[in-house]
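Keep in mind the model is a prediction, meaning the values are calculated, not measured. Lettering of chains follows the sequences in order, A, B, ..., and the numbering in each one begins at 1.
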Amino acid sequence: MEARFLLGFLLLLSLSSFAFAIYEDQVGLADWHKRYIGKVKHAVFHTQKTGRRRVVVSTEENAIASLDLRTGDILWRHVLGKNDAVDQIGLSLGKYVLTLSSQGSVLRAWNLPDGQMVWETDLQISNPSNSFLHVLGNVKSGRDSLSLVCNGGSIRAVSSIDGLVVWKKDLSIDGLKLKHVFQPPESDTIYAIGFIDSSLIALYHINAKTGELLKHATQASSVDLSSEISAISSDSLVALDTSRSNLLLIKFMAGTITNHKLPLSDIVQDFSGLAELIPTKSNDIFVVKTPSNVAFIKVKGDNEIELIGKADEAGIVSDSLTLSEEEQAFAVVHHSNNAISLQVRINGREALTEGIKIEDHRGHVKRVFLNNYVRTDKSHGFRALIVMEDESLLLMQQGEVVWSREDGLASISDAVVAELPVEKEGGVSVVEVEHTLLEWLKGHMLKLKGTLMLSTPDDMAAIQAMHLKSTERNKMTRDHNGFRKLIIVLTRSGKVYALHTGDGRIVWAHLLTPLLQSESCPSPSVLTLRNWRVPHRKALQENPSILLVGRCGAGPESHGFLFIVDSYSGKVLETQILDHSIAEVVPLPLADSSEQKLHLVIDDKLNAHLYPRGSDALEVFVREMANMYYYKVENAKEVIKGYAFKKGCSTGSSAYCFGTRELWSVVFPSDSERIVATARRKINEVVHTQAKIMTNQDVMYKYITKNILFVATVSPKAAGGIGSAAPDDAWLVAYLIDTVTGRILHRVTHQGAQGPVHAVVSENWVVYHYFNLRAHRYEMTVIEIYDQSRADNKDVMKLVLGKHNLTAPITSYSRPEIATKSQSYFFTHSVKAIAVTTTARGITSKQILIGTIGDQVLALDKRYLDPRRTANPSQEEKEEGIIPLTDTLPIIPQSYVTHTRQVGDLRGIMSFPANLESTTHVFSYGIDLFYTRIAPSRTYDSLTDEFSYVLLLITVVVLIVAILVTWAMSQKKDLQEKWR
Amino acid sequence: MERSSALIGSIFLLISISCLINPISAAASGSGEGYSIAGRVKLDNFVTKGFGLGHSPKLSETKVILNGGQRTTFVRPDGYFSFHDVPAGTHLIEVSSIGYLFSPVRVDISARNPGKIQAALTENRRALNELVLEPMKDEQYYEIREPFSMLSLVKSPIGLMIGFMVLVMFVFPKMMDGVDPEEMRQAQEQMREHGIPSISNLVAGRS
């Protein structure tokens with residue numbers, strides 16, 4: 001009776017809320033959110049005396065951000081669209097940030113203090129190419145200031161106040177590429193200098209107010225011009241020729257152009273190789289960077305130049321910084337053995353040299369931006385913003401790193417989960433216990449106040465702070481519930497980070513590619529990472545480790561390499577440059593005697609190489625080889641092929657190299673279908689039960705196989721984005737394919753549908769998201785697969801007599817009858833990523849994690865995607881929890897796992913189980929990172945943090961008091977009775 | 001038909017003010033085949049309650065997305081936004097603004113009748129006269145704490161426990177009043193033997 005009551009109660013609880021939801025004061029309890037910007041490519045300092053000092057940056061992730069120069073915190077940030085790469089940024093009127101993007105076709109202005117977009121102008125450029133932005137300093141047409149955008153042979157002048165194009169000048173000359181725009185002070189004439197087909201130099205005089213062409217001249221150049229120029233004064237510039245070994249000094253006095261060729265070897269001794277011009281601003285000085293050094297050169301009088309300074313060993317050079325009329329400063333940064341030396345040169349002379357120690361996991365310096373400030377004694381101080389090889393950003397000032405940002409984490413390409421070390425046995429002192437007890441009680445009093453809605457804002461803040469600094473969740477050891485883990489992520493730069501799930505801090509970081517860089521491996525890049533050793537039975541004394549696989553060059557045929565890294569410390573255990581290429585890494589469900597997981601590396605010639613190399617690994621693999629299959633999706637050829645392995649490979653005689661034999665292929669008709677998406681089950685997913693009990697006490701058997709592959713194809717006309725195809729030309733075909741036999745288990749066509757398709761496969765179902773052109777809405781479809789061959793096992797007599805096939809193994813070799821159930825629903829948002837929750841034993845109900853267009857992660861209960869939903873469910877169905885059918889999937893705001901946070905440019909969602917069956921970790925990444933723990937069916941197996949211990953304590957006390965009082969009362973009554 | 005005639009846009013002058021006056025407007029732009037879509041996002045009528053701890057939704061964080069990410073633009077301080085050089089066809093505009101749920105908008109740019117644009121909300125198929133996008137509802141991401149009430153306390157497991165205790169303590173003795181005085185005396189004698197009165201004894205004594 002009691003059990004039933006409890007069950008009913010639990011049911012009530014679970015029905016009362018389908019969604020994951022948290023209270024506002026629980027923010028930060030289990031989740032963390034980190035914001036990044038990505039690899040910085042442009043930086044503009046804004047360091048006026050008044051107001052906050054800040055630096056505005058644009059990055060390769062198409063983000064623009066304003067950073068606080070004191071702390072490196074993000075003041076504001078915007079992420080532009082995928083095809084909207086920023087070309088240049090600038091400041092205008094001292095209060096707007098201008099960004100030129102989409103190859104010079106879009107100009108936007110952002111308010112500097114708060115990042116509000118002020119205006120946006122589409123420049124309607126017919127053939128987008130290299131464009132540049134020039135903010136005119138002193139033209140006052142009214143009180144406005146103009147910004148010039150030059151693109152090829154056209155100039156547009158845009159008002160800085162409202163973004164209107166004031167004038168537009170198309171010079172309409174084929175092959176003209178404007179290179180430089182200049183306006184002498186106190187003049188209304190703009191000089192535009194360009195090259196025509198790398199052989200002619202052209203000069204245009206343009207009225208700054210009206211855009212009228214006043215004068216123009218052309219002159220043949222004595223050398224073939226490259227695109228690099230450096231403007232050195234109001235009437236001259238320096239260009240580099242295409243051989244990158246000669247300079248051309250161009251003067252354009254009074255409407256005429258003269259040019260003069262200067263071989264670089266005359267100026268810089270021991271010059272060889274290719275030179276590079278560093279852009280400068282006036283002052284008759286320019287900088288040439290050669291492979292071996294950096295030369296500072298001054299132009300003197302007519303066609304005479306002089307070397308005024310030289311920095312040996314080529315470093316990274318910043319753009320020029322104008323200190324005063326006569327002074328130009330450059331930063332030259334060298335990097336050697338975990339130290340950076342920053343050299344500031346004013347007019348070529350060394351003004352300042354600072355050395356600084358730096359962690360060796362940051363690699364080389366990639367870019368440097370220089371800024372100055374005036375000290376109290378009127379001398380110049382310098383600060384430098386440095387971008388490192390791992391894409392991190394450092395601010396250096398007075399020989400110190402003021403702050404650093406790990407912006408490499410904005411470009412995560414792969415992630416795995418690893419365990420933390422086991423806690424060592426050790427005593428806990430009494431004082432500590434008392435202290436924690438007091439803290440604990442205090443915390444619970446606060447929480448009680450929160451529950452009773454009595455807390456003041458101060459208390460709320462205290463509760464939040466308590467959550468954040470809770471030491472328990474940040475320990476470096478494994479916990480019983482499996483809440484503390486390491487997320488090991490790989491970034492685009494090849495750096496590997498281990499993040500703690502407690503607070504997202506970096507436990508260790510390692511930039512691996514420099515370890516390899518050599519003749520035999522010119523440009524290493526890491527492709528993927530996998531768990532290599534997950535000790536649990538035999539090799540417990542061994543540390544878990546991670547396998548990283550990469551390629552030495554860009555092409556698919558270049559040699560591979562692999563690293564094995566200790567996941568506790570980040571130490572590299574093994575490095576190996578392979579003698580074959582890498583096309584794919586296939587983890588096998590096998591391990592050798594020391595618990596190292598077996599992996600097959602497939603090369604571009606379809607040979608399979610077994611790792612780890614060891615006799616027992618080989619033995620294990622050869623024993624299981626007959627049951628191993630591999631499939632390959634050839635997107636370009638619209639073919640999926642299945643392979644088996646055989647001994648002996650085509651390229652060598654190594655015992656660890658195996659050949660492949662084609663077993664089957666599925667060829668899609670290329671004139672009507674294009675593969676757009678594939679998805680398969682997670683290898684390590686656990687399924688609790690195969691049986692599914694229906695409302696009418698019937699049993700359905702899920703068709704559970706790890707070899708199921710979901711493939712979606714669309715018609716070629718609909719392969720483009722939304723808006724490009726008509727409903728009649730578009731169709732989407734979904735296939736379920738068995739990857740061992742190549743058998744197509746199910747095929748369904750959606751007429752009038754197109755991609756992008758996002759799919760997730762789990763247990764016996766697949767859920768996919770696509771666009772329905774007829775309704776012009778997004779749709780999600782669920783397909784569930786059931787095994788019909790086991791369907792007649794319901795007969796009890798058969799079970800008693802043993803005439804059933806329940807114990808028969810599930811195998812792809814047999815061809816069981818299968819049945820599918822399917823249903824489709826509308827879904828409001830575009831989807832960027834899709835995943836499913838996974839728990840330790842697969843008992844907890846599933847939620848589908850959907851990364852929406854708003855960069856949020858929505859947890860949608862699988863019960864909404866149940867093909868058994870009907871418009872009017874019967875009483876039994878209602879009891880079972882079947883939700884009445886609606887045409888649209890509901891979006892419950894409380895079920896956004898990211899609550900009010902956004903994961904900028906969301907790219908991936910990952911779910912991994914905790915030890916506690918009810919709970920799963922969710923990690924989503926884009927430019928930002930967000931981590932949280934969710935319980936899809938609520939935490940039924942442990943008391944939540946919400947549980948009010950104080951209330952329990954009070955109840956117990958009240959009960960005791962009540963017992964005492966009633967006891968006393970009864971004693972009294974007894975006595976009275978005796979007196980009677 | 002009246003509706004659609006209102007949608008006919010004006011010829012797109014360089015950067016025309018007209019697109020600000022007439023919210024849905026499209027016209028062949030200077031280069032190529034494209035049209036422009038201009039509209040406005042309106043958040044004014046929605047007052048957010050309890051968005052909490054300094055996070056107030058800002059217009060500056062509002063993005064307008066064309067065709068599921070092909071293009072992204074931001075809204076100006078006055079709520080206006082525009083896409084340029086959009087080919088004829090049927091497009092989808094989504095608004096992403098934390099704290100609000102916007103319905104995606106279907107925008108048809110007619111190829112036969114240049115400059116004619118029709119817009120409709122996809123969620124409820126409501127046609128729009130002008131491209132003014134308002135949130136369908138604001139989104140509350142946090143569970144609201146129920147104000148403290150006796151009822152919620154009584155409903156909690158502990159409350160139920162106390163309720164049961166009270167029931168046993170006060171109602172059961174009342175039920176015993178109806179019991180035969182003989183039996184009652186017996187039970188009381190029994191109780192005296194044990195000293196402390198206990199509920200289990202009371203219950204046992206009754207039967």
Flag, side chain of [X] to backbone of [Y], donor-acceptor distance under 3.5 Å:
X       : Y       : value
R76(B)  : E120(A) : yes
Q116(A) : V75(B)  : yes
H829(A) : P104(B) : no

Is chain B contacted by the side chain of [X], its backbone, both, or neither, given a heavy-atom distance below 4.5 Å?
X       : answer
N111(A) : neither
L952(A) : both
W76(A)  : neither
T888(A) : side chain
V79(A)  : both

Determine the minimum heavy-atom distance between [X] and [Y], stating which atoms define it.
X       : Y       : result
G723(A) : N67(B)  : CA-ND2, 4.2 Å
I65(B)  : I853(A) : CD1-CG1, 3.5 Å
Q70(B)  : I722(A) : NE2-O, 3.2 Å
H776(A) : H91(B)  : NE2-O, 3.2 Å

Practice task
Using only heavy-atom distances, determine whether the side chains of Y141(B) and T898(A) contain a donor-acceptor pair under 3.5 Å.
Solution key: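 Checked: Y141(B)/T898(A) side chains show no N/O donor-acceptor pair below 3.5 Å.
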
Practice task
May I ask you to decide if the ring planes of W110(A) and F74(B) are parallel, tilted or perpendicular, using 30° and 60° as cut-offs?
Solution key: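 Rings of W110(A) and F74(B): perpendicular, as their planes differ by over 60°.
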
So [Y] and [X], do their side chains get closer than 4.5 Å, heavy atoms only?
X       : Y       : answer
H84(B)  : V106(A) : no
Y778(A) : T122(B) : no
D122(A) : F83(B)  : no

Practice task
Determine which pairs satisfy salt bridge (Lys or Arg N to Asp or Glu O under 4.0 Å) with at least one residue from residues 90-107 of chain B, sequence neighbours left out, and list them in order.
Solution key: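 Passing the test, one end in residues 90-107 of chain B: R106(B)-D108(B).
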
Practice task
Check salt bridge (charged side-chain N to carboxylate O under 4.0 Å, His left out) between D905(A) and all other residues, then give those that pass, not counting sequence neighbours.
Solution key: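 Once residues adjacent in sequence are excluded, D905(A) has no partner under the salt bridge (charged side-chain N to carboxylate O under 4.0 Å, His left out) criterion.
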
Exercise for the section: Report the option among I963(A), V118(A), N83(A), V958(A) that has the most heavy-atom pairs separated by less than 4.5 Å from atoms of chain B. Expected result: V118(A)

Problem - Part of L101(B) within contact of chain A (heavy atom distance under 4.5 Å) - result: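 It is the side chain, since no backbone atom gets that close.
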
Problem - CZ/R774(A): more than 12 non-hydrogen atoms of other groups inside 6.0 Å - result: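 Atom CZ in R774(A) is packed in, count exceeds 12.
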
Look up atom [atom1] in [X] and atom [atom2] in [Y], then write down how far apart they are to the nearest 0.5 Å.
X       : Y       : atom1 : atom2 : result
K63(B)  : D855(A) : NZ    : CG    : 5.5 Å
L92(B)  : S830(A) : CG    : OG    : 6.0 Å
Q140(B) : T900(A) : CD    : OG1   : 10.0 Å

Handout entry: Closest-packed option against chain A by number of heavy-atom pairs under 4.5 Å, given G68(B), P77(B), G89(B), S96(B)
Key =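 Heavy-atom pair counts peak at P77(B).
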
